[in-house]
Amino acid sequence: MSRQRVGQRASKLFGVTLREPPAETDTASHALLVRAGYVRQLAAGIFSYLPLAWRSLRKIEQILREEMDGIGGQEMSMPVVHPAEPWQASGRWYEIDDAMARFQDRRGRDMLLAMTHEEVVALHSASELRSYRQLPNLVYQMQTKFRDEPRARGGLIRVREFIMKDSYSLDRDREGLEKQYQAHYDAYTRIGRRTRLPLTAVRSDVGMMGGRAAHEFMYVTPIGEDTLALCDECGYSANRDVAAFAPAAGSGPGQDNSGLLPELVHTPQAATIADVAAMLGVERKDTAKIVFFVGSKAAADPGSRAGVQESGEAGEVRSAAEEKLIAVVVRGDMEVNQVQVQYAAGTADLRPARDEEIRAAGLVPGFASPIGVTEGAATVVVDETVVASGGLVAGANKVDYHFRHVRCGRDYEPDVVSQVAAVYEGAPCMTCAGPLRLVRGVEVGNIFQLGTKYCESMEARYTDEHGAEQPIWMGSYGIGVGRLLACIAEEHRDDHGLVLPAPVAPFHVSLLGLGRGDEARAAAVAVYEEFKEKRIEVLFDDRWELSAGVRFNDSDLRGLPLRVVIGERSLKAGGAELKRRSGGEAQTVPLDELAEVVRDLLESC
RNA sequence: CGGGGCGUGGCUCAGUCCGGUAGAGCGCUGCGUUCGGGACGCAGAGGUCCCCGGUUCAAAUCCGGGCGCCCCGACCA
């Protein structure tokens with residue numbers, strides 16, 4: 001709770017309420033945040049936080065600050081504008097395309113807007129950290145990031161400019177890193193509790209961050225853009241990108257008859273799995289489908305792409321020789337998990353192959369088959385479930401023909417066998433075989449064990465007790481502050497507006513002065529002054545000229561945890577009317593007890 | 001980056017097909033009435049119809065180009 005006197009008159013509040021939601025608000029919580037006067041959009045994915053939102057964000061930041069300090073963090077602040085050099089040294093200047101906002105300063109020096117701060121932390125660590133005596137260490141900041149998303153959406157959920165709490169652990173070895181990683185895991189769990197937002201930790205892909213382990217902290221909601229696989233029986237949870245499941249052995253017709261050899265069958269016009277299955281009288285799971293991608297290795301020598309400024313140049317610099325065709329074989333009823341294909345095939349980038357690229361490898365789009373892929377023409381990646389299955393229906397690499405009874409390992413040789421099928425609703429859990437459930441979620445926070453990657457490129461080393469130079473081990477941990485607020489708003493609302501929990505609400509009390517009489521008005525003003533004096537954060541609706549209905553509705557919309565009404569009616573009843581925004585009965589409280597009762601009630605909001 | 005939609009007062013939108021005086025509701029200002037769940041009357045202010053160019057006697061409206069915003073997909077640390 002703030003130490004300062006905090007009060008605001010609604011008549012002067014910068015940020016009005018809107019009766020109708022602006023046209024371009026897609027999610028319920030975002031419409032409310034706009035209508036209630038919390039946020040305003042300046043450009044696609046770029047928002048201003050008006051005083052109400054800013055007060056909430058500062059409270060959220062304070063919670064984050066306390067939790068970071070609690071695990072030994074030191075707050076600092078690093079620039080939003082970076083020179084290109086550190087990002088060139090780490091390679092990310094070249095690996096990241098349009099998502100990075102680049103520009104040149106007046107001298108023509110390459111600059112960028114920070115997307116995150118690993119490079120700069122590593123750079124500073126190189127100069128500040130020299131001895132094992134200074135480790136472990138942990139620094140963090142609340143800082144603006146800019147990521148030029150191809151498509152911003154969902155209000156504050158997916159924006160281009162955002163404030164992030166980002167912390168960076170610095171350790172002498174893997175054990176130290178794992179310790180700080182776990183400390184963050186626990187801190188994030190506490191943060192979810194304190195902000196009243198249910199968070200689910202899931203295993204996740206390391207993506208462009210690199211490194212070993214990673215978890216995401218997800219708010220499960222239908223408006224989420226990520227898909228999670230959860231096991232209710234053993235608690236396994238993972239992002240769909242990395243979710244593992246037990247390969248199911250096939251049991252369909254043909255699959256039992258392991259002795260049967262491939263048999264060519266005529267399947268005119270049947271270019272989709274559904275067509276083929278129907279024509280041959282089998283189920284989709286008795287078929288195998290082959291999906292083609294073109295993967296590219298990231299340029300080994302960063303210099304080969306130096307100076308890339310425009311997205312259009314990127315494709316020209318990357319030579320065709322770096323690309324390879326990847327043929328992925330999954331069961332007909334399953335989808336391909338592209339992230340896992342990247343790992344299996346060892347490529348950095350993946351895109352669907354064009355028909356002419358498939359033909360160039362001597363294959364027939366629509367009827368392509370893993371049988372007869374010319375050595376070296378394509379990397380054949382076969383899903384584990386396909387290997388575990390018996391004879392499946394597969395393409396014959398000949399227009400209008402398929403094979404029955406095709407078996408991996410007997411009829412064709414895979415280059416890689418891996419789980420490249422995407423997890424599906426009801427898939428058997430890897431650890432307990434229970435059915436996995438797929439839900440949507442918003443990534444509120446993430447934690448990465450980076451290892452020595454960034455510190456090595458910045459030459460951040462320490463000297464150990466034997467006098468030997470060692471690389472520093474880094475972990476990186478983020479929480480989107482605005483995204484957290486957006487998720488809290490999504491979780492805590494009703495038909496009338498926001499219902500914010502006290503720890504993150506911009507004010508504690510919405511005070512309404514009703515009625516025309518001088519006595520009632522004086523009483524309301526007196527309570528306003530008293531609340532301020534007693535450090536109860538109060539938003540005082542002093543707009544007596546408006547009708548009561550308007551003011552009640554505005555109060556509900558803004559969603560402060562408590563509402564106090566003082567008017568002729570309440571005075572006649574014995575004082576002020578006090579009501580929780582979250583529901584329940586209103587109570588009448590004598591004015592001389594009001595502040596105390598309010599303070600007590602706040603403890604449970 | 002592919003597909004689609006939209007751009008008119010502060011907000012939500014009509015008007016565009018079929019060219020001819022810029023509109024409604026809400027909000028805002030003033031006066032009066034009302035006064036515990038989005039009140040009422042009267043008076044009023046407020047618009048480069050996204051921008052540039054073209055066609056035309058005449059363009060919010062038709063044509064060309066651009067910009068912005070939104071949705072679906074691709075992508076995403």
Side-chain angles (χ1 to χ4, degrees), chain A residues 16-27 30-31 34-35 37 40-46 87 90 92 95-100 114-119 145-155 157-160 162 164 166 204-211 214 216 225-226 239 241 293 311-312 314-315 338-339 342 349-352 442-443 445-448 450 454 476-480 483 495-497 512-517 520-521 524 541 543-557 563-573 576-577 579 586:
Chain A
V16 299
T17 56
L18 305 175
R19 186 179 294 222
E20 295 176 90
E24 283 96 16
T25 51
D26 43 3
T27 60
H30 186 237
V34 174
R35 281 188 56 211
R40 294 289 183 255
Q41 179 167 323
L42 186 62
I46 299 179
W87 291 74
S90 73
R92 290 206 282 191
E95 290 162 15
I96 299 169
D97 287 332
D98 297 342
M100 183 187 289
M115 306 173 71
T116 174
H117 284 76
E118 283 80 12
E119 280 83 354
K145 314 283 190 236
F146 188 86
R147 298 177 185 178
D148 198 356
E149 295 287 345
R151 187 178 157 205
R153 60 187 140 181
I157 301 288
R158 186 177 186 77
V159 292
R160 297 194 291 170
F162 56 98
M164 187 178 214
D166 47 326
S204 68
D205 183 41
V206 295
M208 81 164 197
M209 288 296 192
E216 290 165 340
E225 298 187 284
D226 290 294
N239 189 301
D241 292 344
F293 295 94
S311 58
Q338 292 194 29
V339 171
Q342 287 187 37
D349 204 16
L350 211 59
R351 62 168 172 84
V442 174
E443 180 189 349
N446 54 40
I447 56 179
F448 292 96
L450 296 177
Y454 293 98
S476 150
Y477 317 86
I479 287 184
R483 191 178 270 192
D495 292 342
H496 302 288
L512 268 65
L514 294 183
R516 280 189 307 174
R521 291 193 181 187
D541 194 338
R543 300 171 301 168
W544 277 284
E545 69 278 9
L546 295 182
S547 75
V550 170
R551 300 163 70 197
F552 277 120
N553 283 324
D554 277 357
S555 179
D556 288 347
L557 189 55
R563 187 186 74 196
V564 170
V565 181
I566 294 173
E568 275 131 22
R569 184 186 291 186
S570 76
L571 290 177
K572 217 168 283 174
E577 177 194 283
K579 191 172 187 299

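What you see is a predicted model; the values in this text were computed from it and never measured. Just so we're on the same page: letters track the sequence lines, and every chain starts at 1.
Under 4.0 Å is where a charged nitrogen must lie from a carboxylate oxygen, and between A/Glu118 and A/Arg92 at least one such pair does. Taking the charged nitrogens against the carboxylate oxygens, A/Arg35 and A/Glu20 have no contact shorter than 4.0 Å, which rules out a salt bridge.
The partner of B/rG2 is B/rC72, judged by Watson-Crick or G-U wobble contacts that both fall below 3.5 Å. Across all strands shown, B/rC42 pairs with B/rG30; the Watson-Crick or G-U wobble distances both stay below 3.5 Å. In a base pair of the Watson-Crick type (N1 to N3 plus N6-O4 or O6-N4) or a G-U wobble (N1-O2 and O6-N3), with each distance short of 3.5 Å, B/rA60 is matched with no nucleotide. Checking B/rU21 for Watson-Crick or G-U wobble geometry (two distances, each under 3.5 Å) identifies no partner in any strand.
A search for side chain to side chain contact (heavy atoms under 4.5 Å, CB included) contacts involving A/Ala214 returns A/Ser204, A/Val206, A/Phe448, not counting sequence neighbours. Partners of A/Phe293 under the ring-ring contact (aromatic ring centres under 6.0 Å, His included) rule, at least two apart in sequence or in another chain, do not exist in this structure. Residues passing the salt bridge (Lys or Arg N to Asp or Glu O under 4.0 Å) test with A/Arg551, sequence neighbours excluded: A/Asp541. In this view, A/Glu568 satisfies the salt bridge (Lys or Arg N to Asp or Glu O under 4.0 Å) rule with no residue, not counting sequence neighbours. For A/Gln342, the side chain to side chain contact (heavy atoms under 4.5 Å, CB included) partners are A/Thr347, A/Leu350, not counting sequence neighbours. Contacts of A/Asp554 classified as salt bridge (Lys or Arg N to Asp or Glu O under 4.0 Å), with partners at least two apart in sequence or in another chain: A/Arg543. Listed by chain and residue number, A/Val294, A/Glu323, A/Arg354, A/Glu357 satisfy the side chain to side chain contact (heavy atoms under 4.5 Å, CB included) test with A/Arg351 (two or more places apart in sequence, or in another chain).
Between A/Pro352 and A/Pro22, the residue whose closest nucleotide on RNA chain B is further toward the 5' end is A/Pro22. Closest-nucleotide positions on RNA chain B for A/Leu350 and A/Ala152 were compared, and the one nearer the 5' end corresponds to A/Ala152.
Rounded to the nearest Å, the gap between the P atom of B/rG15 and that of B/rG20 is 14 Å. Comparing B/rG68 with B/rA60, their P atoms sit 24 Å apart, to the nearest whole Å. Annotation: B/rC52 and B/rA39 have their C1' atoms spaced 48 Å apart (nearest Å). On the P atoms, B/rC40 is 9 Å away from B/rG27, given to the nearest whole Å. Taking atom P on both nucleotides, B/rU16 is separated from B/rC62 by 9 Å, rounded to a whole Å. Only the P atoms considered, B/rU8 is 14 Å distant from B/rC70, to the nearest whole Å. Between B/rC76 and B/rC51, the distance separating the two C1' atoms is 32 Å to the nearest Å. The same atom, P, is picked in B/rA43 and in B/rC49; the two are 28 Å apart, to the nearest Å.
Between the CG atom of A/Asp26 and the C1' atom of B/rC71 there is a distance of 9 Å, rounded to whole Å. B/rC76 atom P lies 12 Å from atom CG of A/Asp226, rounded to whole Å. Distance A/Ile96 CD1 to B/rC75 C1': 13 Å, rounded to the nearest Å. The separation between A/Arg158 atom CZ and B/rA74 atom C1' is 11 Å, rounded to whole Å. Rounded to an integer number of Å, the gap from A/Glu149 CD to B/rC1 P is 15 Å. The interatomic distance linking A/Arg483 (CZ) with B/rC76 (P) rounds to 15 Å, in whole Å. Distance, A/Arg351 CZ to B/rC75 P: 12 Å, rounded to whole Å. If you take CZ of A/Arg160 and C1' of B/rC69, they are 11 Å apart, rounded to a whole angstrom.
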(request) Do nucleotides 25-46 of chain B as a string where each nucleotide becomes B, S or -: B if the base has a protein heavy atom under 4.0 Å, S if just the sugar-phosphate does, - if no protein is that close. (result) BSS-------BBBBS-------

Can you name the atoms? Protein N/O to nucleotides 66-68 of chain B N/O, anything below 3.5 Å, with the distance.
none

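For the residue pair A/Glu216 and A/Asn239, a side-chain donor N or O sits within less than 3.5 Å of a side-chain acceptor on the partner. A/Ser570 and A/Glu577 form no side-chain donor-acceptor contact under 3.5 Å, judged by distance and modelled atom types alone.
Remark: A/Gln338 is not in phosphate contact with B/rA74, judged by side-chain N or O atoms under 4.0 Å from OP1 or OP2.
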